[in-house]
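Report on one structure; see the data block that follows.
Convention: sequence-line order gives letters A, B, ...; per-chain numbering from 1. The structure presented is a predicted model; accordingly, all values stated were derived computationally and were not measured.
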There are 2 protein chains.
Amino acid sequence: MVVDESASGSLDRLFHALADPTRRDILRRCADDGLSVSRLAAGYPMSFAAVQKHVAVLERAGLVAKRRRGRERLVRTEPEALARARRALDDLEALWRGRVERMSGLLTPEPRTEAHDQQEGPNR
Amino acid sequence: MVVDESASGSLDRLFHALADPTRRDILRRCADDGLSVSRLAAGYPMSFAAVQKHVAVLERAGLVAKRRRGRERLVRTEPEALARARRALDDLEALWRGRVERMSGLLTPEPRTEAHDQQEGPNR
DNA sequence: CTCATCTACAACCATTTGGTTGCACGTTAG
DNA sequence: CTAACGTGCAACCAAATGGTTGTAGATGAG
């Protein structure tokens, strides 16, 4: 695994974590209240370790946090990360909206002509 | 490849497509106006075919559409899909908000007690 | 203390992903 | 018409993903 702590990597982890139905379901189940990993794992047709890995993916993405209660670890979804994902989509959408505005011919006649600046870069 | 045309699969493809910096960059570059695949590929340190594959992933996710102009294919980002992704995040966030509201003890004393309904199911 | 439970983690395996090169096909320029 | 260009697709490869089983460390129950 490539350990990349860039902002881009953060979004990568976020969207990657969301791109799996089991993980999205875990987020839903843990939104109400904390669920122990065992209790969580009991709800899926796969091994405990597999669910544990999914939780780890969500945790690395910042979508979930664990706090201990006795010998259990309560998993709870972290709302901040959801907001972060939404902000990223908003940025993308704002760009599109910008295109529409230019098409309407109302704003910023020609702010950029040819060279597209890539603020994030296709690093991998 | 597992061909799954369920609603869950649609979200999978959407978020998976967004989970790559190159693809997010393609979305940005194609938000302004349509870009031919060649022109697009020239902007990245990888082969033409690799960029072509990224575009295909975006296309399968519905994030991008191609229209032909002469012998070129103009790639343009499809704003509807962005909205769809945002709606999915809103659903997740609404669930979390529901938890907070119950914690505040202001609304819906006990709408659901124990059995979590899973509207999407951990199918894979 | 002893045992059962919850969790973490390593090793392993099949499939998918992201990249490559090479080739075939349609279309446009000259 | 012919050549060059733009595109799509297949075959191949290394690495990542998603699953498995097994082992080991903490912690709480009795």
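Atom CZ of A/Arg60 is separated from atom C1' of C/dA8 by 13 Å (rounded to the nearest Å). Atom pair A/Arg68:CZ and D/dG25:P shows a separation of 16 Å (rounding to whole Å applied). Residue B/Met46 contributes atom CE, which lies 10 Å from atom P of C/dG18 at whole-angstrom precision. Atom CG in A/Asp20 sits about 12 Å away from atom P in C/dT17, given to the nearest Å. Atom P of nucleotide D/dG18 and atom CG of B/Asp12 are separated by 10 Å, given to the nearest angstrom.
Dashed line: the shortest gap from a side-chain N or O of B/Arg69 to OP1 or OP2 of C/dT27 is not under 4.0 Å. OP1 or OP2 of C/dG19 has at least one side-chain nitrogen or oxygen of B/His54 nearer than 4.0 Å. At the phosphate of C/dG18, OP1 or OP2 sits under 4.0 Å from a side-chain N or O atom of B/Arg23. Note on A/Ser47: a side-chain N or O is less than 4.0 Å away from OP1 or OP2 of D/dT20. Side-chain nitrogen and oxygen atoms of A/His16 include at least one within less than 4.0 Å of the OP1 or OP2 phosphate oxygen of D/dG18.
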Can you list the steps and then say if A/Asp25 with A/Arg29 is a side chain to side chain contact (heavy atoms under 4.5 Å, CB included)?
CA-CA 6 Å; A/Asp25 195 70; A/Arg29 311 248 308 233; 3.7 Å; yes
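Smallest separation of non-hydrogen atoms from B/Leu18 and A/Leu89: CD1-CD2, 3.7 Å.
Transitive grouping of hydrophobic side chains (ILVMFWY, heavy atoms separated by less than 4.5 Å) keeps B/Leu14 and A/Val57 in distinct clusters. B/Tyr44 and B/Val64 fall within a single hydrophobic cluster, where Ile, Leu, Val, Met, Phe, Trp and Tyr are joined by side-chain heavy atoms under 4.5 Å apart, directly or via other members. If you chain together hydrophobic residues whose side chains sit under 4.5 Å apart, B/Met46 and B/Val55 fall into the same group.
Helix bend of the helix from C/dC1-D/dG30 to C/dG30-D/dC1: the angle between its two end axes, each built from five pairs, comes to 30° after rounding to 10°.
To the nearest 0.5 Å, atoms CD (B/Glu93) and CG (A/Leu27) are separated by 12.0 Å.
The pair B/Asp91-A/Arg28 does not meet the salt-bridge criterion, since no charged nitrogen lies less than 4.0 angstrom from a carboxylate oxygen.
One side chain, B/Arg84 or B/Ser10, offers a donor N or O that lies under 3.5 Å from an acceptor on the other.
At least one test fails for B/Arg24 against the ring of A/Phe15: distance under 6.0 Å to the centre or angle within 45° of the axis.
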Under 4.0 Å protein heavy-atom contacts per nucleotide of nucleotides 2-11 of chain D, with B for base, S for backbone only and - for none:
--BBSBBB-B
